Amino acid sequence: MSTGIVIVQQQERMVIQRFGRFDKVVGPGFRFLVPIIFNGTKVGIWERTQRVPTQKYITTDNVVVDLDFVIYYQVLPDDDNPRKAVLDVQSFEAAVVNLAVAELRSIIGNISLADALAERERIQGRLQMALDENTGRWGVKVRNVAINEIDPPPGVKQAMEREKSAAAIKTAEITESEGQRQAQINRAEGEKESAILQAEGNRQAAILEAEGDQQATVLRAQGFSSALEQIYNVANNVDAKTMSLQYFDTLKSLGSSPSTKFIFPMEFTSMLSPFLGMGGNQQSGNGGNNENSQT
């Protein structure tokens with residue numbers, strides 16, 4: 001710079017002052033500055049990564065937590081943002097870090113410990129928005145903010161671990177009871193379906209059995225009716241002699257019986273009368289023949 005020869009790299013911009021006043025911003029390349037008259041300050045336009053060391057923050061419920069985070073920011077290369085980064089602030093790196101710490105203290109101070117642990121992404125978004133509203137005047141754009149860890153005091157941490165353990169046990173018991181309840185419901189529904197199917201099966205079996213009995217009864221009645229009809233038809237064709245022969249067969253069967261007393265209906269004698277008459281006629285005829293033979 002003292003010789004007036006300056007090389008500006010690709011990822012740099014140079015703010016040139018003439019007699020201490022802002023002159024212009026130049027891009028990468030070979031530059032010659034007349035000593036004493038011109039003065040140049042180079043500023044990098046690459047994205048910077050700045051880790052903020054762990055510091056203590058107080059939540060709205062008065063719990064002190066240790067917290068560290070990382071900021072990703074960049075000096076914008078367009079317009080006169082390099083001029084702002086060089087001339088409008090003594091050190092834009094320190095300004096961004098200090099502003100981030102102050103804004104984060106304000107955000108943590110308005111939320112509880114539980115919210116700080118559960119809503120880390122929302123805290124990061126709020127911090128980035130707050131930084132963007134203020135770093136623009138320095139020509140700086142905050143690309144991202146990442147909170148690494150939120151560490152509460154040991155006593156609070158132990159209490160939280162016990163609370164988490166109790167919550168996990170509670171969740172497990174609820175899950176187990178819900179599973180048992182669902183299993184009982186499934187078993188009851190299965191038994192219900194089984195009973196319905198069994199009842200339906202019994203009903204169908206009873207219906208089929210009743211229909212079978214009905215058909216069997218109808219068939220038996222039809223057979224008995226046909227038998228009676230045939231008997232009636234045969235009985236109409238039977239004469240007295242045939243009936244008398246049937247009575248003789250019956251007497252023959254009775255004669256082979258060891259019984260000594262027999263009871264005959266009154267109709268029996270009337271049935272035998274034709275045979276008795278035939279026997280008397282034969283005897284009379286034989287007697288006449290004898291007389292004629294004697295004569």
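The residues of the chain are indexed from 1 along the displayed sequence. Please read these numbers as outputs of a predicted model, since none were measured by experiment.
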Does any N or O in the side chain of Ser194 come within less than 3.5 Å of the main-chain N or O of Gly190, such that one atom is a donor and the other an acceptor?
no
For Ala221, does its backbone N or O pair with a side-chain atom of Ser225 as donor and acceptor, under 3.5 Å?
no
Which heavy atom of [X] sits nearest a heavy atom of [Y], and at what distance?
X	Y	answer
Val43	Pro82	CG1-CB, 3.8 Å
Val75	Ala85	CG1-CB, 4.0 Å
Gln74	Trp46	CG-O, 3.8 Å
Ile7	Lys42	O-NZ, 3.5 Å
Ile45	Pro77	CD1-CB, 3.7 Å
Pro28	Arg13	CD-NH1, 3.7 Å

Measure the spacing between [atom1] of [X] and [atom2] of [Y] and express it to the nearest 0.5 Å.
X	Y	atom1	atom2	value
Gln184	Arg181	CD	CZ	9.5 Å
Asn202	Glu209	CG	CD	11.0 Å
Gln90	Trp138	CD	CH2	12.0 Å
Gln124	Leu104	CD	CG	10.0 Å
Arg83	Lys24	CZ	NZ	16.0 Å
Arg120	Asp115	CZ	CG	14.0 Å

So do the side chains of [X] and [Y] get within less than 4.5 Å of each other, counting heavy atoms only?
X	Y	result
Leu208	Glu211	yes
Leu33	Met14	yes
Ile5	Phe30	yes
Asp80	Val15	no
Lys141	Thr135	no
Lys56	Asp66	yes
Ile107	Tyr57	no
Val89	Lys84	no

ILVMFWY network linking [X] to [Y], side-chain heavy atoms under 4.5 angstrom:
X	Y	result
Phe38	Val8	yes
Met129	Val70	no
Val65	Leu127	yes
Leu117	Ile108	yes
Tyr72	Leu99	no

With side chain to side chain contact (heavy atoms under 4.5 Å, CB included) as the test, would you mind laying out the steps for Ile150 and Leu67 before giving the verdict?
CA-CA 5 Å; Ile150 301 176; Leu67 191 150; 3.6 Å; yes
Might you confirm whether atom [atom1] of [X] has over 12 heavy atoms from other residues, nucleotides or ligands at distances under 6.0 Å?
X	atom1	answer
Arg137	CZ	yes
Ile58	CD1	no
Ile36	CD1	no

Check step by step if side chain to side chain contact (heavy atoms under 4.5 Å, CB included) holds for Ile111 and Arg126.
CA-CA 12 Å; Ile111 61 175; Arg126 291 178 59 184; 4.1 Å; yes
Verify the distance criterion only: is there a donor paired with an acceptor across the side chains of Gln204 and Glu200 at less than 3.5 Å?
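Distance-only check passes for Gln204 and Glu200.
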Evaluation steps, side chain to side chain contact (heavy atoms under 4.5 Å, CB included), between Thr59 and Ser112
CA-CA 5 Å; Thr59 63; Ser112 64; 5.7 Å; no
Before you tell me yes or no, could you show the steps for Tyr73 and Val145 under side chain to side chain contact (heavy atoms under 4.5 Å, CB included), namely the whole-Å CA-CA distance, both residues' side-chain angles and the distance that decides it to 0.1 Å?
CA-CA 9 Å; Tyr73 62 98; Val145 178; over 6 Å; no
NZ/NE/NH1/NH2 to OD/OE distance under 4.0 Å, Glu189 and Lys192
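Between Lys192 and Glu189 there is no salt bridge, as every charged N stays at least 4.0 Å from the carboxylate O atoms.
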